[in-house]
Each structure stands twice: as structure tokens, then as C-alpha cells.
Amino acid sequence: MNTMNAKLPIHFAPLQGHTEAIYRQLHAKYFGGIECYHTPFIRLQDGVIRNKDQKESDPELNHSLSLIPQILASELKEAATLVKFLKEKGYTQIDINMGCPFPLIARKKKGSGILPFPEKVREVLQIVAEEPDISFSVKMRLGQESAEESLRLLPLLNELPLRRITLHPRLGIQQYKGETDIESFSRFYEACHLSLLYNGDLHTIEDITTITERFPGLAGVMIGRGLLANPALALEYQQERILPGSELISKLSEMHRELFDWYNTTLWGESQILLKVKSFWEYLLPDAEKRLRKKILKSTTVPAYLAATQRLFEELSAQG
């Protein structure tokens, strides 16, 4: 049991298209405060692991990080193939995704779409017994269509030697909309015998503190969009201080420069580069002036993009 004043570990949630290896490395370099980074889910496509997933999980691209790869599967055979691949890479911890809410995934009984089917969940989780050398965790939602789905699965989960469960208190059909269901999270929390992380709508130190004080038995929290909006959030929570505006902007500017340089040298063509670097701004600094963010997102050439980002950083830095 954690005391209310203890600083809990923060895990960086995986977000497809955002928390790639280069982003994770740069976040750790400039901000940190993270116990573990998690990869976006690795899955099979036409029976083979996607090239992008193989590259992103390469230990050489993640050498300085505490990294947990995440897999997506709806059958034991799929899970076994993915685990075998990651074991050969040297990983000893693996997270199983039962929370992705996107319809294309859920309709295949994967991600949150597997939660209404206890027998499918049981089948996939057989991998825990078959691979005793791997420490498994599960990231999940309350359910796909009903919070009762997670509660029905809890006896099965409690029986397994899982390292932890991460629970996002929304339904899959909500995706990221609507309110989180704290009451249903509380019911799961009270009945869960395993280490439990809270994930969902944590954007400020106050948000984190509110959750950890309400649920003092949590083993930590996982944050995704909140860290993409404010990459300093975990550091600020751990150090109990808000970074001065000038320090935050300086770090963000340097991080952005390195991120841009990476994509500028690894991608081919201006359109590909712009598409990738603009994703940095989908969540970042949501309270910055709309006119400045709009110039970045509407830029159609690399010089225009760089001028727009420089203008935003300069104006924010001047504001202190």
C-alpha cells in the first residue's frame, strides 16, 4: 500500500504514430521522469510481423530506455509468434493490449474488442503459463460495451501471475470521448489482487494527485496524451515543481530540432517529412495561440514549417 504523499512511478503510454523510438529517446533525454516507456502495439499482418514493428522494437534504437513492448493478438498462436520474436530480441517483460478502442482493431476481436469474449481472453492469456520466463502485464479498458466485462474477467486475471494491470476507465465504444467512469474503476480496484495502474485523462499534477489520493493502493499511473501535450508533466510531478516557461520552451525547442533532423534524414520527400513532424503538434501545447499552431499545421513546405515553429517558440519564450 502506498502512502498518499509517495510519488508513484509514471509509465508513458503507447500511442500509434506518436511515441516511436526516436520520440521516446528524445523525451528521456530532455524530460524523463518516466519509470517505463511502452511501445505501440506490435501485431501480425498477413501472418508476419510488420517491418515497422520489427524496427521500432529493435533494442539498438531503444538502448538507453526502460522499455516494455506491447503485443496485440486475438489468438494464442498470434501471441506465441509475437512473444517468440520479442524473446529473441532479449525482452523479458511484455504487455498484452486489450484496450485499443479503434473500430478496425476492435471488430477483429482485438484490443478492447476482445473483452466481451472471455474464452478468447482466456485463450490469449494462456501465453502467460506457456512462457514462464516472461513477465507479462495487461493493458485494458473497462470493457467494449459494458463495464461489467472487465469485472467478469477479473477472477481470471487475479489467478494469473501478471506483473500488473493497467486500466483505462472508458469503454471501447467511447474511444477517447466522454467522461471516465471512476465508479466502475473503483469497483475493479477494490476487487483486483494484482498491481494496478490508472490510465486516462491525466493532464496536470493535480489530476495525478487526485487519482492517487483517491486510490492509494495504486502501483503507479500511465499517461499518454497528457505527456504529449506537456512532455514535462512526469518530471514536474516527480520534482513537485512546474518548469519555468523559458526552461520548458528551451527543452521543447531542442527536442523538436533533433526530432526534425531525424525525420529529415530518414524519410524521403518533403511531403513525408511534413506529415511526420506535424504529428508532433497534434497534442503539444494545446493552449498556445491558435494562430501560431494553425500556421504550423497548415504549412506546405519545410521552410514554412520551420519558420512557423520558430515563431511559436520565440513568442512563447518571450512570454516567460
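It should be emphasised that the depicted structure is a prediction, and the values quoted were computed from it without experimental measurement.
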Checklist entry - Rounded to the nearest 0.5 Å, how far apart are OG of S253 and CG of L312? => result 10.0 Å
Next on the checklist: Using every non-hydrogen atom in the two residues, find where W262 and T265 come nearest and quote the distance to one decimal.
Outcome noted: O-OG1, 3.0 Å
Checklist entry - For N97, what residues pass the side-chain hydrogen bond (donor to acceptor under 3.5 Å, both in side chains) criterion, not counting sequence neighbours? => result Q70
Next on the checklist: Same cluster or not: L153 versus I114, using hydrophobic residues (I, L, V, M, F, W, Y) connected whenever any side-chain heavy atoms lie under 4.5 Å apart?
Outcome noted: yes
Next on the checklist: Checking E289 against R291 for the salt bridge (charged side-chain N to carboxylate O under 4.0 Å, His left out) test, could you report, in this order, the C-alpha distance in whole Å, the side-chain angles of both residues, the deciding distance, and whether it holds?
Outcome noted: CA-CA 6 Å; E289 285 191 46; R291 64 179 179 85; 2.7 Å; yes
Checklist outcome for this item: Rounded to the nearest 0.5 Å, the CD1 atom of I134 sits from the OG1 atom of T92 at a distance of 6.0 Å
Checklist outcome for this item: Smallest heavy-atom separation, D181 atom then A147 atom, equals OD2-CB, 4.3 Å
Next on the checklist: I want to know whether F260 and W281 have ring centres closer than 6.0 Å.
Outcome noted: no
Next on the checklist: Keeping K7 on the side-chain end and E240 on the backbone end, is there a donor-acceptor pair under 3.5 Å?
Outcome noted: no
Next on the checklist: Please enumerate all residues that pass ring-ring contact (aromatic ring centres under 6.0 Å, His included) together with F31, with sequence neighbours excluded.
Outcome noted: H27
Item to check | Pairs flagged by salt bridge (charged side-chain N to carboxylate O under 4.0 Å, His left out) wherever residues 97-122 is involved - sequence neighbours left out | outcome: E78-K110
Checklist entry - How many angstroms lie between atom CD of E20 and atom CG of L259, to the nearest 0.5 angstrom? => result 9.0 Å
Item to check | Residues in side-chain hydrogen bond (donor to acceptor under 3.5 Å, both in side chains) contact with E35, at least two apart in sequence or another chain | outcome: none
Checklist entry - Tell me, which pairs form a ring pair (Phe, Tyr, Trp, His ring centres under 6.0 Å) where one or both residues lie in residues 68-122, sequence neighbours left out? => result none
Checklist entry - Can you name the residues that form a salt bridge (charged side-chain N to carboxylate O under 4.0 Å, His left out) with E130, not counting sequence neighbours? => result none
Checklist entry - When you look at CZ of R311, are more than 12 heavy atoms from neighbouring residues, nucleotides or ligands closer to it than 6.0 Å? => result no
Checklist entry - Do any pairs count as a ring pair (Phe, Tyr, Trp, His ring centres under 6.0 Å) and have a residue in residues 206-225, sequence neighbours left out, and if so which ones? => result F185-F215, Y189-F215
Item to check | Of all pairs that satisfy side chain to side chain donor-acceptor pair (under 3.5 Å), the ones with a partner from residues 145-157, not counting sequence neighbours | outcome: E148-R187
Next on the checklist: As an exercise, state the distance from CD of E88 to CG of L86, rounded to the nearest 0.5 Å.
Outcome noted: 9.5 Å
Checklist entry - Are T204 and D207 close enough that a side-chain donor and a side-chain acceptor fall under 3.5 Å? => result yes
Item to check | Partners passing side-chain hydrogen bond (donor to acceptor under 3.5 Å, both in side chains) against S137 (at least two apart in sequence or in another chain) | outcome: D95
Next on the checklist: More than 12 heavy atoms of other residues, nucleotides or ligands under 6.0 Å from NZ of K251: yes or no?
Outcome noted: yes
Next on the checklist: List the residues meeting side-chain hydrogen bond (donor to acceptor under 3.5 Å, both in side chains) with Q126, not counting sequence neighbours, and say none if there are none.
Outcome noted: none
Checklist entry - Which class fits the ring pair F12 and Y23: parallel under 30°, tilted 30 to 60°, perpendicular over 60°? => result perpendicular
Item to check | Close side-chain approach of I223 and I208, heavy atoms under 4.5 Å | outcome: yes
Item to check | Nearest heavy-atom neighbours spanning S57 and N62 | outcome: C-ND2, 4.0 Å
Checklist entry - Can a salt bridge be assigned to the pair E254 and K29 using a cut-off of 4.0 Å between side-chain N and carboxylate O? => result no
Checklist entry - Is it the case that R257 places NZ or CZ above or below the six-membered ring of F280, under 6.0 angstrom from the centre and within 45 degrees of the axis? => result no
Next on the checklist: One thing to verify: whether E315 and R293 come together as a salt bridge, which I'm taking to mean a side-chain N less than 4.0 angstrom from a carboxylate O.
Outcome noted: no
Checklist entry - Can you hop from L154 to L218 via hydrophobic side chains spaced under 4.5 Å? => result yes
Checklist entry - Which heavy-atom pair separates K55 from L61 by the least distance, and what is that distance? => result O-CD1, 3.3 Å
Checklist outcome for this item: Quick note, salt bridge (charged side-chain N to carboxylate O under 4.0 Å, His left out) partners involving residues 298-308, not counting sequence neighbours, are none
Next on the checklist: Please determine whether side-chain contact (heavy atoms from CB on, under 4.5 Å) holds for the pair Q45 and K52, giving the CA-CA distance in whole Å, both sets of side-chain angles, and the decisive distance to 0.1 Å.
Outcome noted: CA-CA 11 Å; Q45 186 170 336; K52 178 182 177 181; over 6 Å; no
Checklist entry - Side chains of R214 and Y198: closer than 4.5 Å at any heavy-atom pair? => result no
Item to check | Pairs touching residues 220-236 that satisfy side chain to side chain donor-acceptor pair (under 3.5 Å), sequence neighbours left out | outcome: D201-R225, N230-E236
Checklist entry - In this structure, are over 12 heavy atoms from other groups packed under 6.0 Å from K84 atom NZ? => result no
Item to check | Separation between NZ of K139 and CD1 of I165, rounded to the nearest 0.5 Å | outcome: 12.5 Å
Checklist entry - Side-chain heavy atoms under 4.5 angstrom apart, residues restricted to Ile, Leu, Val, Met, Phe, Trp, Tyr: same cluster for L160 and I68? => result no
Next on the checklist: Among R170, Q174, Q144, R141, which residue satisfies the side chain to side chain donor-acceptor pair (under 3.5 Å) criterion with S112?
Outcome noted: Q144
Checklist entry - So how far is it from F313 CZ to L285 CG, rounded to the nearest 0.5 Å? => result 7.0 Å
